[in-house]
Amino acid sequence: MIRAENGGVVYLEQLKSPIESDATEKATSRKCEGQLSSVKANSCSSYKSANRTTEMAQEDNNPCWDNLPSIILQEIFSYLPYNCRLRASQVCRNWRYALFHPRFWKKITFALRDEDSISWARCLAESFGLSVQEVTIHCDTPHHSAKEILALLNKLNCNRQLRKLFLESSSSTFEEDDEEDEYDKDSEGYILPLIRSLIKIIETSNRLEALSLGCIEELTASTGVILDLLRQHHAKHLRTLSLASVRDDPDDFDFMGHYYEYLIFNTFVRLSILTLDYEFVSDLLLKALDNGTMERLVIHVHGWNEQYSGTTESAWQTFVQKNPKCELRLNLIHSYVGIEMLDPYILRPSMPLTHLKVLFCENVNIRALNKLSAWYSLTLKSLIWIDSMQPIIQGAPATYDPNYPNRKYKR
């Protein structure tokens with residue numbers, strides 16, 4: 001038997017008996033098998049450990065939809081319309097938080113219809129009153145409108161980012177509340193706080209571009225004060241201004257006494273949409289609106305007063321030259337005398353009249369209708385005349401159509 005030892009010296013040994021040789025080979029075989037099993041076990045253990053590490057790394061790399069980073073969620077939500085964002089916010093708590101990020105609430109309509117909508121409006125005002133940029137307050141609850149509008153305005157009057165404020169009410173006046181409150185039982189106790197809150201909004205905002213008083217006559221009574229503040233703070237920014245009213249009593253002139261300097265309008269260098277009552281319309285006003293930026297002029301006619309200045313044909317000619325893109329919209333609302341004055345005193349041939357709306361004036365002025373077809377055939381886009389008439393055909397007035405065969409009158 002050949003055996004090697006340290007030093008590389010080779011020795012020859014005498015062969016042992018066959019029995020001893022077989023026993024030695026079996027022991028050596030068992031030892032080798034044990035060593036091989038140990039190697040396999042160690043190899044499998046190392047493989048399993050490495051495989052688990054790989055799986056954990058893959059889990060870390062894959063996104064977890066209920067735990068996405070907020071910046072990614074906000075980017076996803078930015079591509080969704082409002083209703084889709086509401087549905088997506090129901091996925092989990094993290095997505096719900098993303099819905100209420102201020103970037104998605106730059107434009108809010110506060111709809112005051114019932115208790116649920118009022119509660120939702122209060123929640124939004126509490127969360128975004130200092131960050132929202134465009135606000136519309138739409139009120140269908142006249143008995144609570146003054147109180148709720150005041151609460152919302154108080155949340156907004158410290159907002160420096162506010163750009164646009166629109167009031168929309170289903171009622172032209174604040175009606176009495178059925179319940180006692182911190183002010184008077186009737187709504188008159190709210191008027192002064194509302195005006196003060198509007199004044200603070202005008203003074204606080206860095207860039208107010210649009211303001212609408214919602215045709216509420218108690219608010220339009222303060223037109224002079226509001227105009228002066230707008231001139232001081234937002235003359236270079238204001239684009240839309242709505243100061244017209246809708247009156248319960250068209251002959252009530254208590255709210256028309258604040259005549260203001262017409263030159264104020266000349267300071268609003270970007271004004272493009274203006275809504276006014278007819279008593280404030282005159283040649284001086286048309287002359288002041290000479291910046292060439294006017295796109296829409298809306299005039300409300302209510303009662304009639306012989307002291308109204310009115311306008312002349314030459315003033316309208318100059319106005320149209322300065323503002324060639326301007327559309328004139330004329331609204332007569334419960335104007336029982338104004339409807340008779342439409343053709344002799346209000347309408348002028350050079351008016352850029354595009355829309356005429358006559359609502360419940362208890363008369364159909366045929367002379368005015370004839371002038372509409374003669375003067376505004378190229379500009380008039382819509383005519384809405386809503387009134388109640390007796391169902392007696394013979395009593396209906398006749399109109400004249402020059403294009404009708406034989407140039408006869410027709411009904």
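Note: hydrogens, waters and symmetry copies are ignored here, and every other heavy atom, side chains too, is used.
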Q: Show the nearest heavy-atom pair for residues Thr267 and Arg231, with the distance to one decimal.
A: OG1-CG, 3.6 Å
Q: Do the side chain of Asp277 and the main chain of Ala244 share a donor and acceptor less than 3.5 angstrom apart?
A: no
Q: Can you find a side-chain donor-acceptor pair between Tyr336 and Glu340 that sits under 3.5 Å?
A: no
Q: Is the closest basic N to carboxylate O distance between Arg270 and Glu209 below 4.0 Å?
A: no
Q: Heavy atoms only: give me the nearest Phe77-Ala88 pair and the separation to one decimal.
A: CZ-CB, 4.0 Å
Q: CD of Glu126 to CG of Leu124: how many Å apart, nearest 0.5 Å?
A: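 That separation rounds to 11.0 Å.
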Q: Please tell me whether Gln317 and Gln321 have a donor and an acceptor in their side chains that are separated by less than 3.5 angstrom.
A: no
Q: Which pair of non-hydrogen atoms, one from Phe265 and one from Asn291, has the smallest distance, and what is that distance?
A: O-ND2, 4.1 Å
Q: Please round to the nearest 0.5 Å and tell me the distance separating atom OH of Tyr262 and atom OG of Ser282.
A: 4.0 Å
Q: Do Asn365 and Val358 have side-chain heavy atoms sitting under 4.5 Å apart?
A: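 Not in contact.
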Q: Does Ile201 offer a backbone N or O that forms a donor-acceptor pair with the side chain of Asn157 under 3.5 Å?
A: no
Q: Compute whether any side-chain donor of one residue and acceptor of the other, for Arg96 and Ser89, lie under 3.5 angstrom apart.
A: yes
Q: So which atom in Met294 and which in Asn323 form the shortest heavy-atom distance, rounded to 0.1 Å?
A: N-OD1, 3.2 Å
Q: May I ask you to check whether Asp116 and Ser119 show a side-chain donor-acceptor distance below 3.5 Å?
A: no
Q: Could you point out which residue of His234, Gln133, Lys200 forms a side-chain contact (heavy atoms from CB on, under 4.5 Å) with Ser205?
A: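 Of the listed residues His234, Gln133, Lys200, the side-chain contact (heavy atoms from CB on, under 4.5 Å) partner of Ser205 is His234.
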Q: Quick one: closest heavy-atom pair of Glu217 and Arg247, and the distance?
A: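 Scanning both residues completely, I find the closest heavy atoms to be OE2-CA, 3.6 Å.
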Q: When you measure from the side chain of Arg163 to the backbone of Gln161, do you find a donor-acceptor pair of N or O atoms at a distance under 3.5 Å?
A: yes
Q: For Ala288, is there any backbone N or O sitting under 3.5 Å from a side-chain donor or acceptor partner on Asn266?
A: yes
Q: Return the minimal non-hydrogen interatomic distance between Ile191 and Glu218, and the atom names on each side.
A: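 Ile191 and Glu218 have their closest heavy atoms at CD1-CB, 3.6 Å.
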Q: Checking Asp283 against Thr311: is there a side-chain donor and acceptor pair closer than 3.5 Å?
A: no
Q: Please check if the side chain of Thr379 supplies one atom and the backbone of Thr354 the other of a donor-acceptor pair under 3.5 Å.
A: no
Q: Under 30°, 30 to 60°, or over 60°: which ring-plane class applies to Tyr278 and Tyr308, parallel, tilted or perpendicular?
A: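 Aromatic pair Tyr278/Tyr308 classed perpendicular.
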Q: Go through the side-chain N and O atoms of Ser335 and Trp304 and say whether any donor and acceptor fall under 3.5 Å apart.
A: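 Judged by distance alone, the side chains do not pair up.
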